[in-house]
2 protein chains.
Amino acid sequence: MRIGQLAQLVGVETQTIRFYEQQGLLPPPDRQDNGYRVYTEKYGEGLAFIRRCRILGLSLAEIHELQSYQDDPHQPCTAVNALLDDHISHVRSQITALQALEKQLVSLRASCNDDREVEACGVLAGISEGNMHQQ
Amino acid sequence: MRIGQLAQLVGVETQTIRFYEQQGLLPPPDRQDNGYRVYTEKYGEGLAFIRRCRILGLSLAEIHELQSYQDDPHQPCTAVNALLDDHISHVRSQITALQALEKQLVSLRASCNDDREVEACGVLAGISEGNMHQQ
DNA sequence: TAAAACTATAAAGCTACTATAAGGTCAATA
DNA sequence: TATTGACCTTATAGTAGCTTTATAGTTTTA
Ligand SMILES: [Zn+2]
Ligand SMILES: [Zn+2]
Ligand SMILES: [Zn+2]
Ligand SMILES: [Zn+2]
């Protein structure tokens, strides 16, 4: 299987596969005589794992960490679970921050009812004067 | 006023001010004979405007757009309000996505009660097998 | 046989800065 | 006077996770 087929199979771009390889998240595959990469189907599982981690918002560094745990399967999984707990709390604090931001934006938006000139726009005035009641 | 004082006044780093200038978000200030940048207090208002926009999560491109409206103060403010509406919907969709993600992560986390070996870790198994019931 | 499609590497671009390097300017001090 | 220290200058690289571009070689297809 060549890189294009693997890419299609997993649903990534070929460059992304090369990028992961370069970053050390995927092992260098065998090469044909012409230099083309050759992959087994099993290789695709590793790639799919990375993609699912990315969909879960894990960073490449976190994925790398998970892989290192997989390489040592008889250790207790405390670190794996802790990594996920950390990530969950990252996500939660992002949500909190964005919710506060949304509130601010909505109240700013409420300060203008279209149909004004830019000069008198409540939104621009609100930002300019800094009446951004924080939090 | 030199760049260090302006930076302290507004609460930014000097490099950030130079960066905004380079990006065309701030006009090039006058220079002393020795090449040092000289600022008026009024200049600080423009900088503070940018900072407040950034706190509201606006991109530099969006800020640039707002500035172009400010330069034409007798137009209707429809575009300003539309920009903010767009931004609010960006923020909302980010929140929605993160909330869905959190749910997934929490359910993944629940599939493992520490005290296992990595080999049997519910979290790793969950990611590997792709039982990530996408919402 | 010649074009289309695929592969390779290397390098730049994206966002919004931050950090580093190497050097010039200025006031105060030893 | 020499030097320290704080400030300023520009240019360049680094951050994350790819994507895009450039250039070139290979395979497949028409
Ligand atoms: Zn994380
Ligand atoms: Zn308005
Ligand atoms: Zn936006
Ligand atoms: Zn576990």
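A, B, ... follow the sequence lines: proteins, then strands. Residue 1 opens every chain. Below, all heavy atoms of this structure are taken into account, side chains as well, without hydrogens, waters or symmetry copies.
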Interatomic distance, A:Glu21 CD vs C:dT9 C1' [rounded to whole Å]: 12 Å
If I compare all heavy atoms of A:Leu26 with all of A:Ile17, which pair ends up nearest, and what's the gap? CD1-O, 4.2 Å
For atom CD of B:Gln23 and atom C1' of C:dC17, their distance in whole Å: 9 Å
Is any side-chain N or O of A:Thr16 closer than 4.0 Å to OP1 or OP2 of D:dG17? no
Candidate pair A:Leu66 and A:Phe49, rule side chain to side chain contact (heavy atoms under 4.5 Å, CB included), full reasoning: CA-CA 10 Å; A:Leu66 284 185; A:Phe49 178 83; 4.2 Å; yes
Options C:dC17, C:dA8, C:dT7, nucleotide nearest the side-chain atoms of A:Arg2: C:dT7
Keeping B:Tyr69 on the side-chain end and B:Gln75 on the backbone end, is there a donor-acceptor pair under 3.5 Å? no
Roughly how many Å is it from CE in B:Met1 to P in D:dC7, rounded to a whole number? 15 Å
Starting from C1' on D:dA16, measure out to CD on A:Gln94 and report it in whole angstrom. 13 Å
Inter-residue atom distance A:Leu56.CG - A:Leu84.CG, 0.5 Å rounding: 7.5 Å
Nearest to side-chain heavy atoms of A:Gln15, which nucleotide of D:dT10, D:dT20, D:dC18: D:dT20
Gap between atoms CD1 and P, on A:Ile17 and D:dG17 respectively (whole Å): 18 Å
Let me know the distance between CZ of A:Arg31 and P of D:dT26, rounded to the nearest Å. 14 Å
Earlier contact from the 5' end, DNA chain D, for B:Gln5 and B:Gln22: B:Gln5
Where the side chain of A:Ile3 is concerned, which of C:dA8, D:dC8, C:dA16 is the nearest nucleotide? C:dA8
Please check this pair: side chain of A:Thr14 against backbone of A:Ile3, looking for a donor-acceptor N/O pair closer than 3.5 Å. no
Should we count CD of B:Glu117 as having more than 12 external heavy atoms under 6.0 Å? yes
Rounded to whole Å, how long is the line connecting atom CG of B:Asp30 with atom P of D:dC8? 16 Å
Keeping the roles fixed (side chain from A:Arg116, backbone from B:Cys77), state whether a donor-acceptor pair exists under 3.5 Å. no
Over how many whole Å does the gap from A:Phe19 atom CZ to C:dA10 atom C1' extend? 15 Å
Within the pair B:Arg18 and C:dA16, is there a side-chain N or O less than 4.0 Å away from OP1 or OP2? no
Would you say D:dC18 has OP1 or OP2 under 4.0 Å from some side-chain N or O of A:Arg54? yes
Contacts to DNA chain C from residues 32-40 of chain A, heavy-atom cutoff under 4.0 Å, which residues? A:Gly35, A:Tyr36, A:Arg37
